[in-house]
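Convention: sequence-line order gives letters A, B, ...; per-chain numbering from 1.
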Protein chains: 2
Amino acid sequence: MAGSDRPTSRDVARAAGVSQATVSLVLGGKWRGRVSERTADAVRRAAGELEYRPNLAARSLRLGRTRTALLVVPALTHEYFARVYTGAARVADEHDFGVVLYPSPEGTGPARDPFGSARAAIDGVIASSMAADALSGIADGGLPLVMLDSGPGAAGGPPTVDLAVADGIRQVVRHLVGLGHRRITHLAADVDTWTFRVRAQTVREELAGVAGAELATERCELDVGPARAAAVRALTAPGRRPTALLCDGDVLAAGACKAARGLGLRVPDDVSVSGFDDLSLATALDPELTTVRLPAEDVGARGMSALLALLDGAPTPPTELPVHLIPRASTSPPPTD
Amino acid sequence: MAGSDRPTSRDVARAAGVSQATVSLVLGGKWRGRVSERTADAVRRAAGELEYRPNLAARSLRLGRTRTALLVVPALTHEYFARVYTGAARVADEHDFGVVLYPSPEGTGPARDPFGSARAAIDGVIASSMAADALSGIADGGLPLVMLDSGPGAAGGPPTVDLAVADGIRQVVRHLVGLGHRRITHLAADVDTWTFRVRAQTVREELAGVAGAELATERCELDVGPARAAAVRALTAPGRRPTALLCDGDVLAAGACKAARGLGLRVPDDVSVSGFDDLSLATALDPELTTVRLPAEDVGARGMSALLALLDGAPTPPTELPVHLIPRASTSPPPTD
DNA sequence: CTGTTAGCGCGTTCAT
DNA sequence: ATGAACGCGCTAACAG
């Protein structure tokens, strides 16, 4: 166990020939006119020589704060949440904060209490796409909380950072309608969260104002296989076949494309397919997906900023981030009968 | 700031009418025959009433350990590393350990020192796919270290967890050769790490033993766009066109498929394409990719286990995890001239 | 069987 | 301008 013992601030003090308090002041950056320039320099040199690093456990204990936030996500393997983390971690880093992840099991139901042991070690929580009831434990604990993708909260509730999903869906619908599509099937994710409820509702509302529009809906799990099956149902349902499949996510769109090909239909010539998320998958597919770009990193970044503001007692107005339609090759005018 | 002050073990002790040490023993689970059943029960009840949670900072300071591991990954947005994290976190959780992520910038070169502040707060490091020199800072610090996907280390070096990538490549080559392919281009990731060096070398070696085999190589960045460009170069190079593209990853394979289609070639009828990783992308594509499944979660899990063993002073033999070829629809016999 | 004591490393106050 | 002393909450030793 060589070199297992690290130097403490006392070691630095001894090496620099000063007291512990002086070391703390100098390294803490609050010595303006309290410690002479010469001594301050000696301290810094000694700290450098010894490769001194403050003991975070001791600091946290003394200060009562940990400079660590907990990010609760449904599934890290999904690229969207990985990006959210990346954004949150970047902002945290700029403020000497850390971010630890808590992937809530299965993303549904009141997750196993993430705070049994963690509560003591974190200053606040950023929760992404969680059902409100799963967060009751946090609110009870009086831990500062920011909610992501959960919809605008109540007046006195936690700060929120949301995506303009309704607007995103509107852009997709107008894009499809503008191309001439009237028979559209919504391939909906079978997940009961705010963001997906809004998508379903907005598709309905927006299409209700279009003359001759026919909307159908197929629900499925958020995975390629189930999406493919749902798309097959949609494309083989009795009556006239839909000319466009509006999917709740790029993953579903991938399944839809496979279904179309399997039925001998070409995308986009016979059926148009739109996605949502703009994952790297969207451009890996052929044809590339028309989809809606979500600023995932910004969501994480704004979430972290909101938490920092909350901890500072600063105002935290609700945030809504704009999203943009990215037209690509998977949509085109419908076939002429 | 309601309820911001949490109860301490002293509060629990007072409420239960015992001493602080008794609380510590009972809640720490080491009171067999040292505290009476009745008192223990009173302590637990009091702790429950007060919703007591031990202060982790204080515990860490006292014990000198944090029960936290640092996982260094090149890029979290890549599904593979997200899975590695998931596996590591699962094993960590089973041992009341936490895992914090450090995404090393750009995944190349000696990363910015992740330990400036973190070193003090972690018990050990699990580093994935890092260049050896980027890890010198860790080894110097005497911090327990486990290396992932870095190849078998020196005798006295850190424990390693590797994938049997050479065997995986061999399975792919034999699969292609078995189908009848002889002109094969290796679409290689332009990344200088052990795992990719091994892949290139194994392709060469394995194909060297096949009569009439012709190997070409195209290098590119690990992304769809560059892969597509590289595949176009491969498929339009002077001389007879290769009948199979052996790609270093599913992402590259996706680019290769797009390139083939763009040139009017069908996959797999005109050209076979194989991937590596078995990401969810592999089955999202059409045709589904023949690829090699990597047990990413197991890598993370074994890495964490190795670190725990290392911390316990237990032996940590090098681990190599098997990988398996998953034949799907993107490979078939070569076209008959 | 239980309580008392000491100290982990740090940041802060008070006294020099 | 600097040093001595204290306590954050916890656990491991030792007394009783």
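Listed for the A:D162 side chain is no donor-acceptor partner under 3.5 Å among the backbone atoms of A:E320. The closest donor-acceptor contact from the side chain of B:D11 to the backbone of B:T8 lies under 3.5 Å. A distance-only check finds a donor-acceptor pair linking the side chain of B:S150 to the backbone of B:L148 [under 3.5 Å]. A donor-acceptor distance shorter than 3.5 angstrom exists from the side chain of A:R67 to the backbone of A:H95, with no hydrogens or angles considered.
Nucleotides of DNA chain C lying under 4.0 Å from heavy atoms of chain B occupy a range whose first and last members, 5' to 3', are C:dC1 to C:dG9.
Atom OG of B:S60 sits about 8.0 Å away from atom CG of B:D123, to the nearest 0.5 Å. For the atom pair B:R14 CZ and B:Q20 CD, the distance stands at 9.0 Å (nearest 0.5 Å).
A salt bridge links B:R83 with B:E79: at least one charged nitrogen is closer than 4.0 Å to a carboxylate oxygen.
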Going 5' to 3' along nucleotides 2-12 of chain D, which nucleotides have protein heavy atoms under 4.0 Å from the base (write B), which only from the sugar-phosphate (write S), and which from neither (write -)? BBB--BBBBBB
Pair B:Y102-B:I122, side-chain contact (heavy atoms from CB on, under 4.5 Å): steps then yes or no: CA-CA 12 Å; B:Y102 184 79; B:I122 57 180; over 6 Å; no
Residues A:T160, A:W194; criterion side-chain contact (heavy atoms from CB on, under 4.5 Å); working and verdict: CA-CA 13 Å; A:T160 56; A:W194 172 79; over 6 Å; no
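Counting non-hydrogen atoms of neighbouring residues, nucleotides and ligands closer than 6.0 angstrom, the CZ atom of B:R197 exceeds 12 such neighbours.
Comparing the start and finish of the helix from C:dC1-D:dG16 to C:dT16-D:dA1, five pairs each, the helix axis swings through 50°, to the nearest 10 degrees.
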